Amino acid sequence: MRTQLIDNLVRADLHVHTALSPCADSDMRPLQMLLTAEQHAVAVLGVVDHSTARNAWAVFDVAEAFDVRVFAGLEVESAEGVHILALFDTVETAMAMDGFVAEHLPDLANRAEFFGEQLLLDGLGHVLGLDPRLLATAVDLSIEEIADRTAALGGMSFPAHIDRQAYGLISVLGFVPPGLQVDGFELSRHTSPADARRQWPQLAGLPLLTSSDAHLIEDIGAAATWISSDLAAAPLSAREWGQALAAELVARGFSDS
Ligand SMILES: [Zn+2]
Ligand SMILES: [Zn+2]
């Protein structure tokens with residue numbers, strides 16, 4: 001007879017930035033990030049940059065040396081002004097999304113003196129160059145178009161920090177678009193899933209996760225989503241993993257508030 005075991009839970013922080021994001025600290029380099037994630041008991045790490053995945057290869061390149069599962073991709077600002085995470089399990093799929101997003105960015109240059117430098121890195125953290133484009137800006141794609149393309153490329157997507165005034169789905173749109181094909185809805189570290197469900201009844205039954213949105217090394221893992229260790233290690237593609245995460249969070253969501 002099978003014994004019912006209580007899930008062994010581990011932490012997933014699916015939203016941290018590298019130094020390619022103009023607003024992120026220049027210490028946000030692959031080795032330091034992965035080491036910090038491991039030290040803070042983060043079993044699954046999502047690495048993104050604004051509008052680009054050009055540092056994804058560097059993170060994947062060194063990730064095998066750490067006891068941390070990595071997904072990498074982009075944080076895209078939709079035409080409506082909503083931030084959405086697009087995460088992948090291979091460099092190729094992340095870069096396919098990078099190319100798609102690049103076609104929809106305005107043709108503007110970064111002004112590093114105002115916004116910060118955008119460091120292109122290798123796995124060891126060497127600076128290979130600077131991305132000259134204005135990355136922290138909106139593309140001319142709807143949130144649905146970003147989510148649909150992410151899924152078509154085999155990735156998972158989550159509207160980011162939906163509880164935040166700035167770039168958060170609820171304050172920007174005022175509602176959750178019905179039928180939006182995403183794998184969950186991310187809360188900032190300032191709002192618990194239980195509080196969010198009380199404040200926004202429309203979130204009832206939806207998978208809610210929490211991430212750090214770390215721009216500084218010490219913030220990696222400062223907020224995270226508890227998931228089963230089975231899920232953390234499950235041999236699934238990014239798209240399948242996102243769906244499994246959603247199923248697990250929904251199953252738990254009815255008892256966590
Ligand atoms: Zn954001
Ligand atoms: Zn972010």
Side-chain angles (χ1 to χ4, degrees), residues 11-30 32-33 36-37 40 42 44-56 59 70-88 94 97-98 101 104-106 110 115-119 121 131 133-139 141-143 145-147 150 155-173 176-177 180 182-191 196 208-225 242:
R11 284 154 33 93
D13 183 358
L14 295 181
H15 186 172
V16 305
H17 289 259
T18 82
L20 178 50
S21 295
C23 39
D25 194 83
S26 63
D27 287 344
M28 293 296 263
R29 304 186 189 206
Q32 291 93 322
M33 294 172 70
T36 305
H40 292 197
V42 172
V44 184
L45 188 69
V47 181
V48 295
D49 286 298
H50 290 291
S51 308
T52 186
R54 291 178 74 190
N55 276 352
V59 178
V70 170
F71 295 105
L74 308 80
E75 180 172 18
V76 185
E77 183 180 333
S78 75
E80 302 93 337
V82 174
H83 282 186
I84 178 167
L85 305 175
L87 291 170
F88 301 88
M97 187 65 183
D98 176 282
V101 166
H104 294 273
L105 267 175
N110 184 38
F115 303 118
E117 289 191 318
Q118 301 176 154
L119 305 184
L121 302 167
D131 195 315
R133 301 169 296 165
L134 184 68
L135 294 174
T137 191
V139 294
L141 294 164
S142 69
I143 187 167
E145 287 174 308
I146 296 164
T150 302
M156 53 181 158
S157 64
F158 312 96
H161 43 66
I162 63 166
D163 55 313
R164 266 182 41 187
Q165 282 294 117
Y167 310 112
L169 177 77
I170 294 176
S171 70
V172 173
L173 292 186
V176 177
L180 183 64
V182 294
D183 300 288
F185 296 83
E186 182 200 71
L187 299 168
S188 78
R189 67 184 93 172
H190 305 296
T191 307
L208 301 179
L209 56 149
T210 303
S211 323
S212 69
D213 196 2
H215 288 65
L216 301 170
I217 281 286
E218 58 265 34
D219 286 342
I220 293 172
T225 306

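For clarity, every value in this text was computed on a predicted model and none was experimentally measured. Order of appearance sets the numbers: ligands from 1, and atoms from 1 within every ligand.
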Are side-chain N/O atoms of Ser212 and Asp219 paired as donor and acceptor at under 3.5 Å?
-> no

Does His17 put an N, O or S atom under 2.8 Å from the Zn ion (ligand 2)?
-> yes

Smallest separation among heavy atoms of Asn110 and Gly116, with atom names = ND2-O, 3.0 Å

Within His50, is some N, O or S atom less than 2.8 Å away from the Zn ion (ligand 1)?
-> no

Would you give the angle at the Zn ion (ligand 1) between His161 atom NE2 and His83 atom ND1, to the nearest 10°?
-> 110°

Do the rings of Tyr167 and His83 sit parallel, tilted or perpendicular, given the 30° and 60° boundaries?
-> parallel

Closest heavy-atom pair and its distance - Gly81, Val172 | O-CG2, 3.7 Å

Please state whether the separation between the Zn ion (ligand 1) and some N/O/S atom of His15 is under 2.8 Å?
-> no

Checking distances from the Zn ion (ligand 2), one finds that the N, O or S atom of Asp213 closest to it is OD1

Restricting to N/O/S, name the atom of Glu75 that gets closest to the Zn ion (ligand 2).
-> OE1

Test item: side-chain donor near acceptor, His50 and Gln118, under 3.5 Å = no

